[in-house]
Protein chains: 2
Amino acid sequence: MNEPGRPPVEAMTNPRADRVRDVAKLTGRSGRLKRRQFLAEGPQAVREALRAHHDCLSAGGTPVVEALYATVECLKKHPELLEAASAPGSRLQVRIASEMVLAAMTDTVSPQGIVAVCNFVDVPLAEVLAAKPKLIAMLCRVQDPGNAGTVLRAADAAGADAVIFSSSSVDIYNPKAVRSTAGSLFHIPVVLGLTVTEVVLAAKAAGVGVLAADGYGHLNLDQLQDESAARAFDQEIPDSSYELEKPTLWLFGNEAQGLAGEEKALADHRVAVPVYGAAESLNLGTAATVCLYASARAQQRL
Amino acid sequence: MNEPGRPPVEAMTNPRADRVRDVAKLTGRSGRLKRRQFLAEGPQAVREALRAHHDCLSAGGTPVVEALYATVECLKKHPELLEAASAPGSRLQVRIASEMVLAAMTDTVSPQGIVAVCNFVDVPLAEVLAAKPKLIAMLCRVQDPGNAGTVLRAADAAGADAVIFSSSSVDIYNPKAVRSTAGSLFHIPVVLGLTVTEVVLAAKAAGVGVLAADGYGHLNLDQLQDESAARAFDQEIPDSSYELEKPTLWLFGNEAQGLAGEEKALADHRVAVPVYGAAESLNLGTAATVCLYASARAQQRL
């Protein structure tokens, strides 16, 4: 174990070393699946990973971070990271490495001087549903890692209880996706590898309403929000369509095609985000943000 | 002029031809500034460009599209584009080109078979303000072309009347930015090359309120929205902080640093988007979406 405040010795300088190659294998999906590990790059992601690591260990759980590789410059600039990593009982290796070693470990042009090898953090759906969630986002067949990460981060900001990626989605442990989450991957439970049908049936059984975001939806999000505000002001609502205050699972579709017909059919309602201007449609991140924030606001007023 | 329905002859097949090089110069900023032209790639962007082109010509304005280069395959798949481009009075060249020529003209790996050479579409700020705008977004020192385009598209969806990019922002005519707008660059007036101070002073003089999006803002967007909803339900509001229904200019900062102190000081109020979860902050696109949709909803209720 390293003493706090003192950088560990024995810097890694050979980018072709076996250990460097081993870490670099985590930039590919098969490497990640084999070891059930992934990479978190840069001070922000590593800070959140270390926080989750200590929270997990304190709760008697498994460690999040297995190893940390950093340049001396980075640890000088971010001494709090070295301190967090070397805290008593942290049970992780900190290794000083050269810029070239870090570049060889990651797929970024500028790896920002630090990379953590993390264990997969996804959880089973049953665990999420047992915690009586109020707001869940599910991404169905999302293809772009940047989009996946952006929506995860927006869901975290909106206070969602979990984000679910359908089995045919891009891998959220992809380095670009992890970067786009800006640390949110370590804040919010993530569920992977299930079909929309499996998730919707389980959610409904747990009393969670299911809304499909759909540009052609029969309900309009403005209407749902106005009804929710009206309830908050004790106004009478003749025909309430859906109470946004209720525990809700939102389904979001693929970037290009949106949700498939059979996916929409599984939801309780299809809800359109209003387009006030001439835009043909919303991009996935924009649509998800508007929907999740609408639910969050309605639920916050309770 | 080409007859509708009949593809023009004389296909371009030499990627090294002078004309191809001339078009390719528009992928760089200096080439664009010199000719005040830019490239719109792919069927969706070209469709919106042609629509704007005909609208401009009908209104006695200058043409938007100067020339169109497309593969035979693309025109077969999208005959409506050939028809729109060849309509009587369209005043533009349509040239058939090979895939290799299109690849040489653009900076994309897959140029989607069609590219339009367009004249700059930005307008003076005075023109925007003279039209009594209700909702304007200004991006200050935004650096990423994808972000710039995404926010422009979100502003279009929220029905904003204009989007302004500060003089130190990324070029919205950058091909990646144009792609990210998904055609919205041709829907919504864009103003370029002004400082935040110039824009804020002119907006205030035109009676437009100015809000700075700021994670540490003294006002909270939820509060402004709740007050707006309360007004809609004729509830009494003791101390209204800012009426979202009013004509509003939103200022959004750089991706990494947000707004600078002096930029925030120019605004009437600094408004925080609520973060309900553990996310440290919102990304630019998410924050802008939430703010613009909040204004749009309040204004729609009027």
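Sequence lines set the chain letters: A, B, ... in the order given, protein chains first and strands last, and positions in each chain run from 1.
Heavy-atom distances place the side chain of A:S184, and not its backbone, under 4.5 Å from chain B. Using a 4.5 Å cut-off between heavy atoms, B:Q300 contacts chain A through its side chain alone, with no backbone atom that close. The contact between B:D226 and chain A is made by backbone and side chain atoms together, counting heavy-atom distances below 4.5 Å. Only the side chain of A:V273 comes within contact range of chain B, judged by heavy atoms closer than 4.5 Å. For A:A230, the parts lying under 4.5 angstrom from a heavy atom of chain B are both the backbone and the side chain. Contact of A:S281 with chain B is made through backbone and side chain together, with heavy-atom distances under 4.5 Å. The part of A:E48 that comes within reach of chain B is its side chain, from C-beta onward, which places non-hydrogen atoms under 4.5 angstrom from that chain.
Checking side-chain atoms of A:D156 against main-chain N and O of B:A278 turns up a donor-acceptor pair under 3.5 Å.
When all heavy atoms are compared, the tightest approach of A:A229 to B:A229 is CB-CB, 4.1 Å.
With respect to chain B, the highest number of heavy-atom pairs below 4.5 Å among A:A296, A:A158, A:A294, A:G277 belongs to A:G277. Note: A:R297 leads A:Q235, A:R301, A:Q44, A:R297 in heavy-atom pairs under 4.5 Å with chain B. Annotation: maximal heavy-atom pairing with chain B below 4.5 Å, among A:P274, A:A182, A:G285, A:A154, occurs at A:P274. Of all the listed residues (A:G146, A:G183, A:G159), the one sharing the greatest number of non-hydrogen pairs under 4.5 Å with chain B is A:G159.
Contact of the B:L282 side chain with the A:Y293 side chain is registered, since non-hydrogen atoms from C-beta on lie closer than 4.5 Å.
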Between B:R153 and A:N283, is the side-chain contact (heavy atoms from CB on, under 4.5 Å) condition met? List the steps.
CA-CA 8 Å; B:R153 183 176 171 192; A:N283 83 359; 3.2 Å; yes
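Here the CD-NE2 distance, from B:E280 to A:H187, works out to 6.5 Å after rounding to the nearest 0.5 Å.
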